[in-house]
Amino acid sequence: AQKITQTQPGMFVQEKEAVTLDCTYDTSDPSYGLFWYKQPSSGEMIFLIYQGSYDQQNATEGRYSLNFQKARKSANLVISASQLGDSAMYFCAILPSGTYKYIFGTGTRLKVLA
Amino acid sequence: GAVVSQHPSWVICKSGTSVKIECRSLDFQATTMFWYRQFPKQSLMLMATSNEGSKATYEQGVEKDKFLINHASLTLSTLTVTSAHPEDSSFYICSAQADLQETQYFGPGTRLLVL
C-alpha cells in the first residue's frame, strides 16, 4: 500500500533561519512523483515543488529545495531564509505511476517567529 | 499560469437545500478535475475524480447521489451537494490537472456551513 508519513505535526522556526520539514513515503512502484504544497490559513493549496523519482538532482524552486533520498524513501522540504509569510500548513504528496490520485500526508504546521 | 478558481468561496445554507460549487481552470485545459473535502486540522480527502464528458469516479464511501459532479467542459467542473445537512459542513477544494501524472493545481476552496 502507498503511504506518506509526516512525523512533525508542528514546527517553529525563527525568521531568516532555515527549516526542514520531514516526509517519508512507502511505495513499491519504481516510478512516482513527489509534491509539496503549502496551505495558509486562507485554505488554498499552493504548489511549491515537484521531484520525480528518476530525477538525478534534487529539485529547487527559489527558497524551497527538496532533499530527496530515494534509498531512504524520504523527500524532505527545506525552506531557506524563513519569512513570516511561510507560516502555514505544509503537505507532502506522492503520485505513483499508473495512477492519477495523490496520496497526501497528514501535514506539518509551520510557525515562523519574528 | 495554472490558475484554478472556485466559486463561491463561502456559502451558508439551510438544511435541505442544494448547493452548487464551481471549479474552473482559467489558463489551461483540465482533462481531469478532482474534488476533495477537508475537515479542520486534517489532510485532504479525495471525494471523486471527474473527466470531461464522462461520469465521475467516486471514492469508496462517498455517496454519488449526494455529491453530484458534472464536468461539462475542459475548464469547468461543478460539485452539487444535494439536500445538504449540517454534517456536510466542511471545506471543499477542487484541483485540476492538464494531463495524467502531472501536477494538480488547486482552487482556493469553498467553506460550506449548513445550518
Side-chain angles (χ1 to χ4, degrees), chain A residues 1-10 21 23 25 27 29-55 59 61 64 66 75 88-111, chain B residues 1-11 21 23 25 28 30-52 54 56-60 62 71 90-113:
Chain A
Q2 328 279 2
K3 189 178 179 182
I4 284 273
T5 302
Q6 293 181 256
T7 57
Q8 307 152 314
L21 306 183
C23 173
Y25 57 92
T27 180
D29 287 330
S31 176
Y32 47 88
L34 294 156
F35 302 80
W36 276 93
Y37 286 85
K38 171 185 177 182
Q39 188 179 40
S41 57
S42 59
E44 64 180 311
M45 291 281 282
I46 302 167
F47 167 67
L48 296 178
I49 197 166
Y50 163 80
Q51 177 83 47
S53 59
Y54 287 115
D55 292 343
E61 287 287 345
Y64 304 108
L66 207 150
M89 195 76 168
Y90 289 80
F91 290 97
C92 179
I94 187 170
L95 181 63
S97 64
T99 180
Y100 49 84
K101 296 193 284 189
Y102 279 8
I103 299 166
F104 282 96
T106 51
T108 295
R109 184 167 296 280
L110 176 67
K111 176 71 175 175
Chain B
V3 179
V4 177
S5 71
Q6 207 170 322
H7 178 80
S9 54
W10 260 106
V11 59
I21 302 169
C23 178
S25 57
F28 67 101
T31 56
T32 307
M33 286 185 168
F34 303 85
W35 288 95
Y36 294 86
R37 183 173 181 176
Q38 187 179 30
F39 292 103
K41 299 184 179 180
Q42 293 189 25
S43 188
L44 279 71
M45 181 188 76
L46 180 65
M47 298 174 65
T49 304
S50 73
N51 293 290
E52 185 262 340
S54 61
T57 301
Y58 289 82
E59 294 299 299
Q60 191 173 9
V62 178
H71 194 157
S90 191
F91 185 63
Y92 294 88
I93 189 166
C94 72
S95 71
Q97 185 182 54
D99 287 299
L100 292 179
Q101 292 294 299
E102 296 227 348
T103 302
Q104 291 183 27
Y105 293 95
F106 286 81
T110 297
R111 297 191 187 278
L112 171 64
L113 177 61

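We name chains A, B, ... by the order of the sequence lines, and we start the count at 1 in each one.
The line from CE of A:M45 to OH of B:Y36 is 8.0 Å long, rounded to the nearest 0.5 Å. Atom CZ of residue B:F106 and atom CZ of residue A:F91 lie 9.5 Å apart, to the nearest 0.5 angstrom. One distance of note links CD of A:E44 with CD of B:Q6; it measures 10.5 Å at 0.5 Å rounding. A:F47 contributes atom CZ, which lies 4.0 Å from atom OG1 of B:T103 (distance to the nearest 0.5 angstrom). Atom NZ of B:K41 is separated from atom OG1 of A:T106 by 14.0 Å, given to the nearest 0.5 angstrom. B:L46 CG to A:I103 CD1: the interatomic distance, rounded to the nearest 0.5 Å, is 10.5 Å.
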Residues B:Q38, A:Q39; criterion side-chain hydrogen bond (donor to acceptor under 3.5 Å, both in side chains); working and verdict: CA-CA 12 Å; B:Q38 187 179 30; A:Q39 188 179 40; 2.8 Å; yes

Step-by-step side chain to side chain contact (heavy atoms under 4.5 Å, CB included) determination, B:E59 to A:K101: CA-CA 11 Å; B:E59 294 299 299; A:K101 296 193 284 189; 3.1 Å; yes

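For the options A:A93, A:G43, A:S42, heavy-atom pairs under 4.5 Å to chain B are most numerous at A:G43. Between chain A and the options B:Q42, B:M45, B:R111, the largest number of non-hydrogen pairs under 4.5 Å is found for B:R111.
The two atoms that bring B:S43 and A:G105 nearest to each other are OG-O, 2.8 Å, heavy atoms only.
B:T57 is listed as a side-chain neighbour of A:Y100, based on a closest heavy-atom distance under 4.5 Å.
With A:Y102 contributing its side chain and B:Q104 its backbone, the two residues share a donor-acceptor pair below 3.5 Å.
Contacts of B:T110 with chain A are absent, with no heavy-atom separation under 4.5 Å from either backbone or side chain.
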